[in-house]
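Start at 1 with the first residue, then count along the sequence. The basis for the numbers below is simple: all heavy atoms, side chains too, and nothing from hydrogens, waters or symmetry mates.
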Amino acid sequence: MRDRALSWKPLSIACVVALAFCICQEHSPLLGRTQEGQSRVEAGSTDSGAQDAEFARLVKEWTTLPEFLSPLVDHLPVVAGIPSPKDILGHHIGEPRKLTYYSRILKYYRSLASSSPRVKVLDIGRTDEGRELVVVAISGEESIRNLEQYRAHLAALADPRRLPEAEAQGIIAVAKPIYHLMGGLHSSETGAPEMLMELAYRLAAEDSPLIRQIRDNVIVTITPVAEPDGRDRYVDWYYRYLIDVTDERHHLPGPPFWGKYVYHDNNRDINFSQVITRALLGWYLEWHPPIIHDLHESVPFLYTFSGQAPQNPTLDPILFGELPWFANFEMAQMTRYGMPGVWTHAFVDAWSPGYLGFMASNHNGMLRMYETFGNGGATTMKRKIERESEPSRSMASRQWYRPLPPYKEVEWSIRNNTNYMETGVLSALQMTAAFPRIILENFYRKSVNALAAGRKGPPFGYVIPAGQQDMTRVAFVVGVLQTQGIEVGQAGTGIKVKEGEFPVGSFIVKLNQPYGRLAKILLEKQEFPDPNLRTYDDTGWTMGLMTHTDIREISDSSILDVKVERARAGNMTGTIRGDSPTCGYAVVHGGSNFMITFRSRLPGVQLQVAEKSFQAGGTLIPAGSFVIPGSAPPDTLRQVRKIVTDLGLQAVALQAEPQVGMHEADLPRLAVYSTWGSTQDVGWVRFALDRFEVPYELIYKERVRQGQLNRNFDVILIPEQAESAKGLVFDIEPASRPLAYTRTAEFQSLGMYGQSDDISGGMGLSGALEIQKFVENGGLLVTLGSASLFPIEFGLTWTVDTRRPSAQFYAPGPIVEAEFLKPDHPIFYGYPSKPVPVRYAGGPLFQVQEKYREQQVLMRFTGTEKSVLSGLMKNPSEIKERPAILDVAAGKGRVVMFATNPCYRWQNHGEFNMLFNAILNYNDLEMK
Ligand SMILES: [Zn+2]
């Protein structure tokens, strides 16, 4: 069947002229294009020009079996004036024991760009540690010269509201798809940043029919390394420790950090908190690549994502046709080349929208993803794939989606990995180049469908009412939606719809916009389609529930007609009611996470916390609010007003002293404890503390073992980390030699965010004893999620036990209801006394002896079917009335244990205050 787009071609050209898209005739991309659906080449044909004989010989040598090589990558052209990777790096890609540092990678791309008119490097930002972030564009000379024009074409297709169908077809006829490749998001997955350099060279330099067709019809863009800080740290670590490991049984751990904060979770940053993820999203929303292809490494030999169930049903169904279309083509091509182990199913599903590359699917494009087989470095290694205990589930087993399975045992090299990845990517590009208009047509159609879905409803939109008690979390939600490219409006008048009346200034998200579907995905309740399906990450993320903000789903279509202006939520300013305070100010604790910021911005100033609510000038000031006395110096009062305004808080001028109990809001000397072996969830807590300006010291086993902890700290916070108490205490198994994480002249990226002469061994029993002493002597220990197993199993809180749920219980990150048993406890300052949504963290099920329950249990899970608010929890009765937060006195100190993780991935902002309140009221937690 002929492609529909073809029949519009004559009309399209006319439209293009009419629209004055300034593509000169002699450079018309149409001239160089093969007919849609035709591939100019059967793969394997190569460039007839000069070839690099050394490359061909070495690649054969480095590939461990002949079938791990393909005709697409067994050769490399030599072109005068265009540097190959070897010309700049000194070695061919895939040489054993060679990994490239980021600055050398950048140097290569810049050299290529300066010598080839087919390559351009775009700057898109900086990392936490100041490294440049770039996107490299490679295509035919004409495309690179007119890159801005092609960007504009895709931007036009991405927003069909101002684009009549005929004009769209005109654009589709002359536009080119951008196919974006991303490597190096996960630093231990070292192959893609190497492979992409060779691919870039091949695309720029090779003159085979296949490569010419790709250059003519596709614009390839590349993120060379998505996490550059982590790349350099990992390469340092590889050269220092891993380079000689040739048998996976002698595997050593990786470096404690990749990037500054969140390690592997840089692929789970659903709210785009990190600078690297934000930079990429910013670039994406400008350039609109219909495809992002994210290159990962984990399983043998090449898994290509096909979008298996559970699938998010709000996404366009076209996507779920496109994904296997690509995956099956790659599998067929590579299998035809004789490469075993290419498969497409039974690994990653299409439920969570939170993976970084998913930004493409979320914005009417397509996320594609590979997992190839990496050795965590460049050393050739013996790998065993068959797991003896479960041969039927082995990835070496034959399945319908794995007709030519990987081998059970293999000697594997980084060149094998390069061959697989590059052959797969070239096959994907081959298909894109053969069907460029279908890719563009699909992209456009998904955007059109998104508009139609919003008009068709219900729901038709969401309203975030103005006047909520804490507008800073509303600002957070609106800010995230806008960062995602979602239009958020604000009405100049009150709104009246079927669901009720909303005041002036309420935020409106209409779903008849290009990214309306993404808005719906982020704001709706997640209804998991089948409780018998497993999923790869969280099942629930509803933003209103995660942030404890009131967000209403609107099924009244008149919401689409409300006149709105673009919302300006980012600079939400605070308010101060009343003037000339004779008795100072009260800063209202309405649940804002900036309360603790307010405190830390006034170091040295005495602040009181009201322990009960009180009235001031007709305003109810809730418990937990700060009170600044009128006797404070005028300069302090001025500062108070400024900080309240800057942070979006609310203050009330007091005309009389509050007649309620108060205690001092002194900030503790806070330590955050991290193991060396699992820094990721600690990283999210560090990130939140940094963003809210809470001072702390990051400590490791070295400091704990020194003892005398009370001398330096009032509070020790142990964020979620390790899966067991034993894991937390003993951490990394000692290796045959010490694994120092220290900065040296040779290894400049190591020793950041802490140093250790040997990261193995954990705090050990002596460390556990020091923490116990810290508590006995009056310190506060706060443990989150799985870290709460530690005080329980090591006997710091011997009135508490834990249990594991049964095998029938399955709860991958849903949002559930919890109820406060002690609503007046300082941990709940700023919260309503009714049940609240919390993210279920899969932590320990606490068991408290009956006689202590009333005293120690602060919050518990409701545990009914109805209390599962979003996502999946199978058999919620297993957590029925189970404690979720405990406050246990021990010696002169206390231990506050969360079964939840109140500081999870910059996501559950509604729960953050349970942690912040514990910190702020650390020496006043005992209820009077
Ligand atoms: Zn990965």
Side-chain angles (χ1 to χ4, degrees), residues 158 178-186 189 192 221 223 226-227 262 264-274 276-285 287-296 298 303-324 326-327 347-371 428 442-443 446-447 450 480-481 483-486 514-524 526 528-529 535-543 546 812-813 871 905-907:
I178 293 182
Y179 193 110
H180 185 70
L181 292 155
M182 174 161 72
L185 181 61
H186 290 155
E189 301 162 19
T221 56
T223 293
E227 176 77 275
V262 300
H264 192 274
D265 262 4
N266 57 13
N267 199 24
R268 306 289 191 281
D269 187 16
I270 191 169
N271 289 329
F272 291 88
S273 64
Q274 303 297 305
I276 57 165
T277 59
R278 242 170 217 263
L280 190 71
L281 178 62
W283 176 82
Y284 180 89
L285 291 174
W287 289 82
H288 307 282
I291 303 172
I292 288 186
H293 188 156
D294 196 9
L295 300 165
H296 287 261
S298 62
Y303 160 82
T304 166
F305 176 63
S306 57
Q308 74 182 46
Q311 299 173 334
N312 196 310
T314 303
L315 292 168
D316 197 299
I318 293 172
L319 173 69
F320 297 110
E322 289 179 298
L323 286 169
F326 266 94
F347 196 54
V348 180
D349 58 84
W351 181 249
S352 166
Y355 309 109
L356 182 58
F358 227 84
M359 73 174 70
S361 301
N362 291 340
H363 294 93
N364 304 320
M366 170 182 11
L367 159 77
R368 310 207 54 242
M369 200 261 288
Y370 285 171
E371 299 281 352
N442 285 351
F443 178 55
K446 285 183 281 186
S447 306
V480 169
L481 296 176
T483 300
Q484 286 265 28
I486 294 164
Y515 307 143
R517 279 176 159 158
L518 174 59
K520 180 168 178 283
I521 286 170
L522 295 173
L523 300 175
E524 71 188 346
Q526 277 78 54
F528 199 72
T535 187
Y536 202 73
D537 203 77
D538 286 346
T539 51
W541 51 81
T542 314
M543 287 189 84
M546 280 285 192
R905 289 183 181 171
W906 198 243
Q907 221 175 324

(request) Please check if any side-chain donor atom of Asn442 sits under 3.5 Å from a side-chain acceptor atom of Glu322, or the reverse. (result) yes

(request) Locate the shortest heavy-atom distance separating Ala350 from Phe305; write the atom from each residue and the value. (result) CB-CZ, 4.1 Å

(request) Search all heavy atoms of Trp351 against all heavy atoms of Asn312 and return the closest pair with its distance. (result) O-ND2, 3.5 Å

(message) Over 60° means perpendicular and under 30° means parallel, so tell me whether Tyr370 and His293 are parallel, tilted or perpendicular.
(response) perpendicular

(message) For Thr542 and Gln526, which I'm curious about, is there any donor-acceptor pair between the side chains at under 3.5 Å?
(response) yes

(request) Keeping the roles fixed (side chain from Tyr303, backbone from Val348), state whether a donor-acceptor pair exists under 3.5 Å. (result) yes

(request) Could you give me the CA-CA distance, side-chain angles and deciding distance for Leu280 and Leu356, then say whether side-chain contact (heavy atoms from CB on, under 4.5 Å) is met? (result) CA-CA 9 Å; Leu280 190 71; Leu356 182 58; 4.1 Å; yes

(request) Heavy atoms only: give me the nearest Gly485-Leu285 pair and the separation to one decimal. (result) N-CD1, 3.7 Å

(request) Could you go through the side-chain contact (heavy atoms from CB on, under 4.5 Å) check for Leu315 and Arg517 one step at a time? (result) CA-CA 7 Å; Leu315 292 168; Arg517 279 176 159 158; over 6 Å; no

(message) Does any part of the side chain of His296, heavy atoms only, come nearer than 4.5 Å to the side chain of Asn267, both counted from C-beta?
(response) yes

(request) Rounded to the nearest 0.5 Å, what's the gap from CG on Asp269 to CD on Gln274? Could you check? (result) 5.0 Å

(request) Report yes if some heavy atom in the side chain of Tyr284 is under 4.5 Å from a heavy atom in the side chain of His363; otherwise report no. (result) yes

(request) Mind running side-chain contact (heavy atoms from CB on, under 4.5 Å) on Ile292 and Phe358 for me, showing each step along the way? (result) CA-CA 8 Å; Ile292 288 186; Phe358 227 84; over 6 Å; no

(message) Rounded at 0.5 Å granularity, tell me how far OG1 in Thr277 sits from CG in Asp265.
(response) 11.5 Å

(request) Please report the closest heavy-atom contact between Tyr179 and Ala428, naming both atoms and the distance. (result) OH-CB, 3.3 Å

(request) Measure the OG1-CD1 distance between Thr314 and Ile521 for me, rounded to the nearest 0.5 Å. (result) 5.0 Å

(request) Decide yes or no on side-chain contact (heavy atoms from CB on, under 4.5 Å) for Thr221 and Trp287, but give the supporting numbers first. (result) CA-CA 10 Å; Thr221 56; Trp287 289 82; 5.9 Å; no

(request) Would you check if Met369 and Tyr355 make a side-chain contact, meaning some heavy-atom pair closer than 4.5 Å? (result) no

(request) May I have the step-by-step check of ring pair (Phe, Tyr, Trp, His ring centres under 6.0 Å) for Phe347 and Tyr536, ending in yes or no? (result) CA-CA 8 Å; Phe347 196 54; Tyr536 202 73; 5.7 Å; yes

(request) Provide the closest heavy-atom pair for Phe326 versus Ile291 in the form atom of the first, atom of the second, distance. (result) CZ-CD1, 3.8 Å

(message) Donor-acceptor pair, distance only, cut-off 3.5 Å: does the side chain of Thr539 make one with the backbone of Pro812?
(response) yes

(message) Using 30° and 60° as the class boundaries, would you call the ring planes of His180 and Trp283 parallel, tilted or perpendicular?
(response) tilted

(message) Rounded to the nearest 0.5 Å, what separates atom CH2 in Trp541 from atom CG in Leu522?
(response) 8.5 Å

(request) Calculate, to the nearest 0.5 Å, the distance between atoms NZ and CD1 belonging to Lys446 and Ile318 respectively. (result) 7.0 Å

(message) Do Ile270 and Arg905 make a side-chain contact, defined as non-hydrogen atoms from C-beta onward lying under 4.5 Å apart?
(response) no

(message) Quick one, Met366 and Leu323 - any side-chain contact, counting heavy atoms below 4.5 Å?
(response) yes

(message) So if I apply the side chain to side chain contact (heavy atoms under 4.5 Å, CB included) rule between His186 and each of Asn266, Asp294, Leu295, which one comes out positive?
(response) Asn266

(request) Compare all side-chain heavy atoms of Ser352 with those of Asp538 and state whether any distance is below 4.5 angstrom. (result) no

(message) Show the nearest heavy-atom pair for residues Asn271 and Trp906, with the distance to one decimal.
(response) ND2-O, 3.0 Å

(request) To the nearest 0.5 Å, tell me how far Gln308 CD sits from Phe320 CZ. (result) 11.0 Å

